[in-house]
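Both backbone and side-chain heavy atoms feed into the values below; hydrogens, waters and symmetry mates do not. Throughout, a chain's letter reflects where its sequence line sits, starting with A, and its residues are numbered from 1. Quick caveat, the model's predicted, so the values are computed rather than measured.
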Amino acid sequence: MAFKKRTHDCGELRLANVGETVALNGWCHRIRDLGGLFFVDLRDRTGVCQLNFEIERFEDLRDLRHEFVLCVTGEVVKRAEKDVNRKVPTGEVELDVKEFDVLSTCDVLPFPLSDESQMKTAPEDLRVKHRYLDLRRPVMYRKLLIRAEAVRLIREYLHERGFVEVETPIFTRSTPEGARDYLVPYRLKPGRFYALPQSPQQYKQLLMVAGVERYFQIARCFRDEAQRADRQPEFTQLDMEMSFVYQEDILAVSEGLTRHVCNSVIEKFDLDLEPVGSFPRLTYEESVRRFGTDKPDLRFDLELFDVTETVRTCEFGVFRSAVEAGGIVRGVKYPGGADLSRKQVGELENFVKEFGAKGLAHLTVVSTDPPECKGIAKFFKREELTVIIGAADAQPNDLLLFVADKEAVVCDALARLRNLIGDRCNLRDPRKLLFCWVLDFPLVFWDEENKRWDPSHHPFVMPKTEDLSLLETDPGKVRADCYDIVCNGSEWASGSIRIHRPDIQARVFSVLGLDEEAQRRRFGHILDAFRYGAPPHGGIAPGIDRLIMYLTGDENIREVIAFPKLGGGYDPMMDTPSEIEPEQWEELGLTLRPAEDD
RNA sequence: GCGGGUGUAGCUCAGUUGGCUAGAGCGCCGGCCUGUCACGUCGGAGGUCGCGGGUUCAAGUCCCGUCACUCGCGCCA
């Protein structure tokens, strides 16, 4: 199957090439048959070039169809001034075709891949099913390039700083904590299973014990959990770990890496994004107090304000009883929200109710001095209104929205409402990537349902030295050397300094209610390793897919993955998960239990 | 497991209070067209209105159920 190999790429021909005889290979992007004239836009990964076929010379010209694969040879000619196409880089020239061959034909396409205006609304399952066609679109190919460049820059940056890239197993051990595991049956001993890693967490700590000191991996992770727009059953993390470091060392490396990678990609691809600056730092406590969440969007203000003390004795029963029950009352400002209709305010209330709020009280600011408001204003004395308006930093025509409940409910509802207001008021600038650090997470959270302390990240997170004394007396107050990178309101990276001393590990396990037997059963392998000289160490794991989403501006993770899975983890292209042969069931020693309702 | 949205030609969509022999643009097939570049133009083929049931003289439209996709909640150490 010989064919004429290209001498040039489609996208590179310019005036300088005029007069040269060149060969091109590519796909028929568009065909324009004018009767006496016949044009084809030939596309390869670098761009398109217009081919001009002399109709007298070729008999079978009109058999050409979309996405046929061609090799063509011809002479590069300058176009007349009036025929120049300024929209494409090759628009000043065209190829006067002398010979061509059809290397492959193409069936009628399932979607119009050469028409971006229509592809914006093309059904996603169809695109995923025919991903090999979807990826032919220049916009999709560009996402692959951006991803490849980001990963290349990460490797380069870390190699330059002495990090060693190590691969860890995909077949690993099931751990009952965290997300549901994907399991792989083990043929030699039926009833035993491998699990796919949710992250290489334990391996990377063992590499520290092994003396690797600086490790990284572009690691595939697997979690069998319900999907979201930004979650896939398999996704990719930059997994990193360092020995003989304090928290500050890890912050420095990962912030430097992030800024270098983002700013290099932004520049190289001329993305419509502002350069990434240094990361502001917030403590967990501060972040929750100011924004109601540990993943604040710092592109806009609208900080939450607290009126708990002001309303403790007020006439409004809803607020007063919430405070009496040990709850809090906080609010968020909707700038210019006085224009909202009763129905629109009702929609905001329904929105916060999705997140557990019982209601949403509102105060419409008419004037600030003297204080005049509508809504729940009648329950407040003049002085109380003044304090509330001051706390909210409100202006006339603002709408103040309040939730009264337990602190966790108030924060969650208002944080989400704040983001919604940010969207409505166009305060979330798509040209900004605002990364920040959230530091000093609590070591453990109280799980009310199971009446126990749960680790906020995992059981190996190091408590802050100055809080160690509280470990047994007031575990909820203990802060950890635990940090997240947040970008534009989404969690991007999470990491911690790990416990390397068995005595501290034992105390933490005991807070978590893990007795000796449970510790051995679940973590015996890593606890054994830590008895053989574990260095102080810590690390972090940023999400690669999300990084690419930030850079491309995509809100769906599937857009930045070459071959993604649909909602239920289904891949329509490979048609998998698939059934297996009876012999495979037999070989693995497995049987399927009949459905219960049969 | 739960809630919202969507489902009509290969693709994007329209389809009124139930009156339909279900339309348009793109694509596809055929004709015409010597400077197009989203070419233009004339004609043609193409439909289980997601699927099942019900109400009705009559259902794309109303009701019930169900499936697929999607967004969100729960979940995601």
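Nearest nucleotide to the side chain of A/L566, out of B/G27, B/G35, B/C69: B/C69. Among the nucleotides B/C11, B/G74, B/U36, the one closest to any side-chain atom of A/R32 is B/U36. In the set B/A38, B/G35, B/C28, the nucleotide with an atom closest to the side chain of A/R30 is B/A38. Between B/C69, B/C37, B/C71, one nucleotide has an atom nearer to the side chain of A/D125 than all others, and that is B/C69. Considering only side-chain atoms of A/A226, the nucleotide from B/C26, B/C75, B/A38 that sits closest is B/C75. With B/C76, B/G35, B/C73 as the candidates, the nucleotide lying closest to the side chain of A/A179 is B/C76. Picking from B/C11, B/C76, B/G35 the nucleotide with the shortest atom distance to the side chain of A/Q118 gives B/C11. The side chain of A/S117 sits closest to B/A38 out of B/C29, B/G72, B/A38. Closest approach to the A/N556 side chain among B/U34, B/C71, B/C26 is made by B/C71 (side chain taken as heavy atoms from C-beta onward). The side chain of A/E56 lies closest to B/U34 when the candidates are B/U34, B/G35, B/C26.
Nearest-nucleotide assignment on RNA chain B puts the 5′-proximal partner with A/I55, out of A/K565 and A/I55.
Partner of A/E559 under the salt bridge (charged side-chain N to carboxylate O under 4.0 Å, His left out) criterion, chosen from A/K143, A/K120, A/R131: A/K143.
Aromatic pair A/F53/A/F39: centroids not less than 6.0 angstrom apart. Taking the six-membered ring wherever Trp is involved, the centroid distance between the rings of A/F523 and A/F460 falls below 6.0 Å. For A/F38 and A/F58, the gap between ring centers reaches or exceeds 6.0 Å.
Between the CD atom of A/Q198 and the C1' atom of B/C75 there is a distance of 12 Å, given to the nearest Å. Per the geometry, CG belonging to A/D224 stands 12 Å off P belonging to B/C76, to the nearest Å. To the nearest angstrom, C1' of B/C37 lies 13 Å from NZ of A/K82. Atom P of nucleotide B/G1 and atom CD of A/Q227 are separated by 15 Å, given to the nearest angstrom. At whole-Å resolution of the value, CG in A/D412 and P in B/C75 are 11 Å apart. Protein atom CG of A/D96 is 17 Å distant from nucleotide atom P of B/U36, rounded to whole Å. Taking atom CZ on A/F39 and atom C1' on B/G40, their separation rounds to 13 Å, with Å as the unit. Here the P atom of nucleotide B/U12 and the CG atom of A/L126 are 7 Å apart, to the nearest Å.
Partner assigned to B/C20 is none, using Watson-Crick or G-U wobble distances below 3.5 angstrom. Base pairing of B/U66: its partner is B/G50, meeting the Watson-Crick or G-U wobble criterion (both donor-acceptor distances under 3.5 Å). For B/G74, there is no paired base (Watson-Crick or G-U wobble, both distances below 3.5 Å).
A/K295 and A/D484 are not joined by a salt bridge, as no carboxylate oxygen comes within less than 4.0 angstrom of a charged side-chain nitrogen. Salt bridge absent: A/E54 and A/K98 never bring a charged side-chain N and a carboxylate O closer than 4.0 Å.
OP1 or OP2 of B/G3 has not a single side-chain nitrogen or oxygen of A/N350 nearer than 4.0 Å. Between A/R558 and B/C69 there is no side-chain N or O to OP1 or OP2 distance below 4.0 Å. Regarding contacts with the backbone of B/C37, every side-chain N or O of A/H29 stays at 4.0 angstrom or more from both OP1 and OP2. In terms of phosphate contacts, A/R228 brings a side-chain nitrogen or oxygen within less than 4.0 Å of OP1 or OP2 of B/C73. Under 4.0 angstrom from either OP1 or OP2 of B/C73 there lies at least one side-chain N or O belonging to A/R416.
Side-chain atoms of A/R127 and base atoms of B/C11 include no donor and acceptor less than 3.5 Å apart. With hydrogens and angles ignored, a donor-acceptor pair under 3.5 angstrom links the side chain of A/Q50 to the base of B/U36. Checked by distance alone, A/R223 brings no side-chain donor or acceptor within 3.5 Å of a matching partner on the base of B/C75. In the interface, the side chain of A/N85 is paired with the base of B/C37 through a donor and an acceptor atom under 3.5 Å apart.
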_Steps toward salt bridge (charged side-chain N to carboxylate O under 4.0 Å, His left out) verdict (A/R136, A/D44)_ = CA-CA 9 Å; A/R136 281 187 196 168; A/D44 66 16; over 6 Å; no

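A/E94 comes within 4.0 angstrom of a base, heavy atoms only. Nucleic acid contact for A/K87: sugar-phosphate only, since backbone atoms but no base atoms lie under 4.0 Å from a heavy atom of the residue. Residue-level contact check: A/S456 touches the backbone only, with heavy atoms under 4.0 Å from sugar-phosphate atoms and none from bases. Within 4.0 Å of A/E354, counting heavy atoms only, lie sugar-phosphate atoms of the nucleic acid but no base atom. Looking at heavy-atom distances under 4.0 Å, A/F38 makes no contact with the nucleic acid at all. When heavy atoms are screened at a 4.0 angstrom cut-off, A/R65 is found touching the sugar-phosphate backbone but no base atom.
The same atom, C1', is picked in B/U34 and in B/U41; the two are 16 Å apart, to the nearest Å.
Using a 4.5 Å cut-off on side-chain heavy atoms (C-beta onward), A/F111 and A/D134 make contact.
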